[in-house]
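To keep things clear, I will list the structure first and then write my remarks on it.
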Amino acid sequence: MRDLLRHPTGLAGAVLLALIAVMTILGPLIAPYDPQQFHPLSRLQGPSAAYWLGTDQFGRDIFSRILNGARSTILFGLGATMAGVAAGGAIGLIAGAIGGAVDSLIMRLLDGLLAVPDLLFTLLIVTVLGGGSGHAMLAVAIAFMPGLARIARSTVLSVRTREFVLAAQARGESPAYVIACEIMPNTIAPIIVEATIRVSFAIMLGATLGFLGLGAQPPSTEWGLMIAEARQYMFRNPICVAAPGVAIALAALGFNLLGDALRDLTDPRGRR
Amino acid sequence: MQNTAIAAARPDARPALEARSYSLAYETPGGLVQALKSIDISIPRGKTLGLVGESGSGKTSLAWAIMRYLPRNARELGGDLLLGGESLRATSKSQIADIRGARIGMVFQDPSTSLNPTLTLGEQLAETLIRHRKMSKAQAFGEGEALLARTGITRPAAMMKRYPHEASGGEKQRVVIATAFACDPECILFDEPTTALDTITSRQILDIFQRLQEDTGVAALYISHDLALVSRIAHDVAVIHRGEIVERGATATLFRNPQHDYTRALIAAAPRPDIRLSGPAPDIAAPTVLATQDLTVRYGGRSLLQKLMGRGEAAIEGARKIDIDVREGEILGIVGESGSGKSTIARAIAGIADFNGTISFDDHVVRERGAIGRSYRRAAQIIFQNPDASLNPRQRVGEIIARPLKLYGLAKGSGIEARVAELLAQVRLPADFAGRYPHQLSGGEKQRVAIARAFAARPKLVICDEITSSLDVSVQAAVARLLVGLQAESKASCLFITHDLNLVRQLAHRIAVVYRGDLVDLFEAADFDAQKRHPYTRALLEAMPPPIHP
Amino acid sequence: MSAAYLLRRLAAILIVLLIVSLTVFSITQILPGNAAVMILGEYATPAQLQALELKLGLDQPWYVQYWRWFSGMLSGDWGVSMRLSQPVAALIGEAFWRSAALALASLATVTLIAIPLGILAALKRGTIVDLVIGLFAYIGTAVPEFVTATLLLVFLAGPDRGFLPAGGFAPLSEGVGAALSHVVLPAATLSLILTAHIARQVRSEMSDVLSSDYIRAARLKGLSERSVVLRHALRNAMAPAVAVISLDIGYLLGGILVVEEVFAWPGLGRLIIYALQNRDLPVIQAATLVLAFAYALSNLVSDIVIAWLDPRVRYA
């Protein structure tokens, strides 16, 4: 942890994420206004002392809506990634540890799935499941699964040929012990790094789904949805779309920076 | 001033390369770390100075300083470096570019990383000639072929067209040497140029260097950790330890009569076949513990799916029809170069490689890997070359050593802790190491942990796969002694696999020689020099630098 | 590279298509409401429905239906759109080329900007130049396409400052100027995130190469900095850069969906979104397969380029 804060990229990421964590946890409590409350007399206003980030087409306070939306946007990213990591990690681990024909078959299958762009894959699944942020989260998790399985597998393969695993096999350890006690603990660091970077993709994908009307539904204050709703009025009050856009970018940036710093710190070669 | 004038009048009297009380330090977050302390060396034309030191001694820093290739955090604290009497520290950047490759050549440790994989060998040799001798491309390629021919490459024109991955290690290093000699330099720096090569290839490379040195009169700084090797090629030797030259002198005198304690320790650590580390060979009547019959190991066969996809490589035989046997309490040395199949044999016997043939071990007779059961595995323990890789970085030393005890039910409850402490004491490590992680230990300490883990199982056979070759010279000797001590105490048999002939002759009772997957020779250690030895064994012996005798 | 290798790679692409088609087919099978209901509408009589189901083969087991569809795809019979009542092949054919034009324009922009940027950052490592490029790369990869697109529209295509058209497509027949002005914003949107990502990867590859033993050896031969960078380093850094670009094409193809939707670019992406919204199964299935095919093919092309750049990679 101390190493992380000494790492410039890590420090920047940690600061951004701390800010976002505060918004996620306390957002609704510290928001100056009710995010759903209309202020008909002050519609599409620019930033002012009363409305720090201005107001939208119904006169709702944009700052309060952003604070409220943090929760759905961030939790979406974390939830989808965690589900994807759990499923993909398990598949990759099994494929890598078993090897042979099972492994080849699983990898062929994943290759096929990876040929469909993530966004299209997500959209297909959402169309089947129906919109809404729960379904969208599941869809993103499923779309992430093949890629994460690949990474987990290649990590397992690189660990599997290390000599301490051979030593365990020579001792006559059971396959379960070898996987659980020798291989698994050494695959966690690279998977955490990948997962952290993936959270930023998940946030962006979730917001994209919200924007296309297939993720979070009104009256949610999810940031992608906010942009979609304000699009008609964007020329009159650009901050309606700019503010949630910047919020999405900052959240994605935070996870990206953190993931990169973790990669630097866990990579024995020490890239920097 | 006057001195310089005189020296200029008689240029040949000046040393080709000199360091005068040169000091260097690196700036680190923890402060300045001194890498070189007041170094004085002087190499006349036509002579070789061997610079001997262990890893971290500063020997390579000196090479970078001479090449003026220092990292940004380097701070030169004083002194000077002189090439033919001219200060290298005073030269400008563009002058240095004219000196590098032209007046000072350099040969690196590993030719497989020091050559650019995307350019042909010819292009990489010719570019030096084009740069410094202002040749045209055609001239440079012609001259390049001539240079390659001088390094003993039989078909230089074809070699010029090859990419590095299409040439062997020895061929690549010849290209690097040809490049270093290309512009007829005054001085060449060698940075462990044979470490990555096999014994016989190393010998050839050294012979080429010596011949070229006689022809050209170049001065050489030869950096190495290998005393025996340096004693063969260097005229003078300097021993460097923690950034300081602790002793220097003419090669013969220095090795015969070392003055400094560190030099003495280094010499004492170098393997000497005339001093046996192990006890007498077990009685002829001693029971046979391990015997292999027609042991064959194939690598890289294709799976069914790969065959369907038309991918994968055809199988290669790593070891062919090996018959060996080990008696109780005996150390059998297996010697060979990299890729000879010696580790393959070890892995088959340890039950981590598929094999054909028969292994009779203890009271087991197995014909396939799957038939190897737990009691076999308990009784046959393997120790690997690199302790960094063979210890799980996520487990504490205590857990690592305790694992065989738990797995085989050799100790229970508090008995485990006591036994771990006992094993740590046996490998001469303090008991509190049980709570440490491998990365907190030095290389030698880690290898001791691996040895403790192997002996924890109370094995009847210990398979040692190059267990000393990743360690520093002084640590190697201690680890080898420790192993022999434990082996004698426990009466276990041992398969000791190594490429180091001098070391194996100190340890083994009998020696097996493998060459390209075949067992070519098997004999009592004392019969090493006999004329009836296989030609390959003789070639290996011939190529080894002679052991050093103080 | 041998003909046998190419043949094998094409066979592998076929397997990928098989898997994609099975996936897409099973996904669309789960979709509620069958094709007959969609075509006839909610008020059709059971008898009419049954007749149409029989005609469409919906009473057959799924594998028969799958095979009929997949073999149709391979032989060029892609079915008829349920909403637009046009042959799917014609719809996709027209849209595909518009999308390809957009994708290629973006890819060219990305390649021309990102690679020099990454190399520059690696050469100036640790300086302000590196820092600025690094910042751009980090921020660029954090902005999703729909945000970039929206912001570009607001600031470059607003009604009072309409430098550029806010959307739509103009074929070359309407003049080069019109065609270009329509392609600028969508291509810029697609390029931003990819440029950022690829520049970062190229920087890291180039840094690795620059700190390699053979670059050190080249410097210690006294070669000029120019020769070290252009002759020794560049080629070694290019092969991994191409690999990164090839992976990012998958991302680009996803981005097309959003960008075409925002800028009303009548390409494959917009067609897919329309089909998804209207559950137009034949279009969804065929278009997904076409995208997967394009991606697999682009991977093959990049592998060939990598083999040409790196002599160690030789496919037999």
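Chain A is the first sequence line, chain B the second, and so forth, proteins listed ahead of strands; every chain is numbered from 1. Note: hydrogens, waters and symmetry copies are ignored here, and every other heavy atom, side chains too, is used.
- Looking at heavy atoms from C-beta onward, A:T196 lies out of side-chain contact with A:R263 at the 4.5 angstrom threshold.
- C:E205 places no side-chain N or O within 3.5 Å of a backbone atom of C:R203 that could act as its donor or acceptor partner.
- Only the side chain of C:I193 comes within less than 4.5 Å of a heavy atom in chain A; its backbone stays farther off.
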Open item on the list: What verdict does the side chain to side chain donor-acceptor pair (under 3.5 Å) test give for C:E260 and C:S99, after you've listed the backbone C-alpha separation in whole Å, the side-chain angles of each residue and the deciding distance to 0.1 Å?
Closed with: CA-CA 8 Å; C:E260 290 189 353; C:S99 291; 2.6 Å; yes

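- For the set C:A296, C:A292, C:G250, the count of heavy-atom pairs under 4.5 angstrom toward chain A peaks at C:A292.
- Across C:G254, C:G255, C:G269, the residue that shares the most heavy-atom pairs under 4.5 angstrom with chain A is C:G254.
- For a residue to count as touching a neighbouring chain, one of its non-hydrogen atoms must lie under 4.5 Å from one of that chain's; by this rule A:S200 does not touch chain C.
- C:W69 places no side-chain N or O within 3.5 Å of a backbone atom of C:S21 that could act as its donor or acceptor partner.
- For C:L257, the part sitting under 4.5 Å from any heavy atom of chain A is the side chain, from C-beta outward, and nothing else.
- With a 4.5 Å cut-off on non-hydrogen atoms, C:S207 does not touch chain A at all.
- Here the side chain of A:S133 pairs no donor or acceptor atom with the backbone of A:A216 at under 3.5 angstrom.
- By number of non-hydrogen pairs under 4.5 angstrom with chain C, the leading residue of A:A249, A:A251, A:G213 is A:A249.
- With hydrogens and angles disregarded, a donor-acceptor distance shorter than 3.5 Å links the side chain of A:W223 to the backbone of A:I66.
- How far CG of A:L253 is from CG of A:L257: 4.5 Å, rounded to the nearest 0.5 Å.
- For C:L276, the parts sitting under 4.5 Å from any heavy atom of chain A are the backbone and the side chain alike.
- The closest side-chain heavy-atom distance from A:T127 to C:I27 is not below 4.5 Å.
- Only the side chain of C:L151 comes within contact range of chain A, with heavy atoms under 4.5 Å apart.
- Between chain C and the options A:L123, A:V126, A:L205, heavy-atom pairs under 4.5 Å are most frequent for A:L123.
- Using a 4.5 Å cut-off between heavy atoms, A:F255 makes no contact with chain C at all.
- Only the side chain of C:T23 has a heavy atom closer than 4.5 Å to any heavy atom of chain A.
- A:L114 touches chain C through its backbone: at least one of N, CA, C or O sits under 4.5 Å from a heavy atom, while the side chain does not.
- Only the side chain of A:I227 comes within less than 4.5 Å of a heavy atom of chain C; its backbone N, CA, C and O stay farther away.
- For the set C:V262, C:N299, C:L18, the count of heavy-atom pairs under 4.5 angstrom toward chain A peaks at C:V262.
- At a 4.5 Å heavy-atom cutoff, C:I256 makes no contact with chain A through either its backbone or its side chain.
- Most heavy-atom pairs under 4.5 Å with chain A, from the set C:L291, C:T141, C:T148: that is C:T141.
- Between the side chain of A:R150 and the main chain of A:D111, no donor-acceptor pair closer than 3.5 Å is present.
- Most heavy-atom pairs under 4.5 Å with chain C: of the set A:T208, A:L250, A:D118, this distinction falls to A:T208.
- Considering only heavy-atom pairs separated by less than 4.5 Å from chain C, the leading option among A:A252, A:A115, A:A207 is A:A115.
- The closest donor-acceptor contact from the side chain of C:Q285 to the backbone of C:V24 lies at 3.5 Å or more, if one exists at all.
- Side chain of C:T189 to backbone of C:V259: no donor-acceptor contact under 3.5 angstrom is found.
- In this pair, C:Y66 and C:W62 present their aromatic rings tilted. The plane angle is within the 30 to 60° band.
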